[in-house]
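In the text below, chain A, chain B and the rest are named by the order of the sequence lines, each starting its count at 1.
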Number of protein chains: 2
Amino acid sequence: MDDMDWALLRELQADARLSYSELSRRVHLSPPAVAERVRRLETTGVLTGYHAHVDLAKAGRHVVAMIRMSCYGPHCVLRDPKVLDWPEVLEIHRVTGDACSILKVATRSMEEFESVIDRLAPYGQPSSSMVLSTPLRWRTVLP
Amino acid sequence: MDDMDWALLRELQADARLSYSELSRRVHLSPPAVAERVRRLETTGVLTGYHAHVDLAKAGRHVVAMIRMSCYGPHCVLRDPKVLDWPEVLEIHRVTGDACSILKVATRSMEEFESVIDRLAPYGQPSSSMVLSTPLRWRTVLP
DNA sequence: GATGAAACGAACACGTT
DNA sequence: AACGTGTTCGTTTCATC
């Protein structure tokens, strides 16, 4: 993880579709050298994937919320792998504090959101914060 | 936004670096037609960007937290554009409820995290939930 | 890590429905 | 208006130094 690796990470975080040739011009390295470094960042797990980001509202997910789950001991959502497959659940973080986890959820409607809450309730007490807007959607990680 | 657009969104969310040729094979459409559709999804704002995702711990950000800010009226973090530029702040969501916003923060150390809390305190009361692990980092948005 | 050759993909104009 | 075909040019990849 030298300066060159960080330069590649910076560029690929900003635009994951940059070609190796374009990357080579930006970091001043030959295309094969760039390809080898990127492959190494992938295999070592520093780069976990390349993802197109979608505008949730424009994709029909008009209701977005952060849900803090305070679970009933052994019934915790974190212990049920089925929750990982619910299409409305976009992220799950295990956290410290009163809640055991924070879920990011996006649904097409309030009715659909209500059904998610109904499915979550058996695991514990959900506390929902509806997302009004997202002033900062994403930031590049720098050294 | 027909089935073909959704097929392209699905593939690009899973792997943003797929070539137009590879996409054309997967959705059974010619490469120029794929390129035109993807360009349209970009210009209409459905696709907001292509980003390489980085493992925070492997990138040296060992401390990750979700911080709920309960701000003092006019001093709200959402009203100060400077906060958008803090490199430790990866996401900001404006939400309903007791808190006015939720921030995702990642720092190299607890000392650095403490300094973020010190910088946030003037805006309101920060309530931090440290992220222990992330069982679901990201999910593809489907129709 | 750089270079050069060969295979592959992207981009444009054009023709088709 | 949306898609397919062609050629041209740029990109990826592998062998080699």
Under 4.0 angstrom between [X] side-chain N/O and [N] OP1 or OP2:
{"X": "A:S19", "N": "D:dG10", "value": "no"}
{"X": "A:S21", "N": "D:dT12", "value": "yes"}
{"X": "B:R17", "N": "D:dT11", "value": "no"}

Let me know the distance between [atom1] of [X] and [atom2] of [N], rounded to the nearest Å.
{"X": "A:M4", "N": "C:dG1", "atom1": "CE", "atom2": "P", "answer": "7 Å"}
{"X": "A:R39", "N": "D:dC14", "atom1": "CZ", "atom2": "C1'", "answer": "12 Å"}
{"X": "B:E22", "N": "C:dA10", "atom1": "CD", "atom2": "P", "answer": "10 Å"}
{"X": "B:H28", "N": "D:dA2", "atom1": "NE2", "atom2": "C1'", "answer": "19 Å"}
{"X": "A:E36", "N": "D:dC14", "atom1": "CD", "atom2": "C1'", "answer": "13 Å"}
{"X": "A:L8", "N": "C:dG1", "atom1": "CG", "atom2": "C1'", "answer": "13 Å"}
{"X": "A:Y20", "N": "C:dA10", "atom1": "OH", "atom2": "P", "answer": "13 Å"}
{"X": "A:L29", "N": "C:dT3", "atom1": "CG", "atom2": "P", "answer": "11 Å"}

Name the residue from B:D85, B:V83, B:V89 that meets the side-chain contact (heavy atoms from CB on, under 4.5 Å) definition with A:L136. B:V89
For D:dG6, the Watson-Crick or wobble partner whose two distances fall under 3.5 Å: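 Because no pair has both required distances under 3.5 Å, D:dG6 counts as unpaired.
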Counting Watson-Crick and G-U wobble pairs only, both distances under 3.5 Å, name the nucleotide matched with C:dC12, or none. none
Decide whether A:L90 and A:V131 are clustered together by the hydrophobic rule: side chain heavy atoms of Ile, Leu, Val, Met, Phe, Trp, Tyr closer than 4.5 Å, transitively. yes
Counting the atoms with a prime plus P, OP1 and OP2 as sugar-phosphate, which does A:P32 contact under 4.0 Å by heavy atoms, base, sugar-phosphate, or nothing?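 Answer is base: heavy atoms of A:P32 come under 4.0 Å of a base.
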Taking the minimum atom-to-atom distance to the side chain of B:R37, which one of D:dA2, C:dG9, D:dG4 wins?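 Among D:dA2, C:dG9, D:dG4, the one nearest the side chain of B:R37 is D:dA2.
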Do the numbers put A:R17 on top of the ring of B:Y20, so that NZ or CZ is under 6.0 Å from the six-membered ring centre and no more than 45° off the axis? yes
Is a side-chain donor-acceptor pair under 3.5 Å present for A:Q13 with A:Y50? no
Side-chain donor-acceptor pair under 3.5 Å between A:H93 and B:T134, yes or no? yes
Is D:dG6 in the syn or the anti form, by the rule that syn lies within 90° of 0? syn
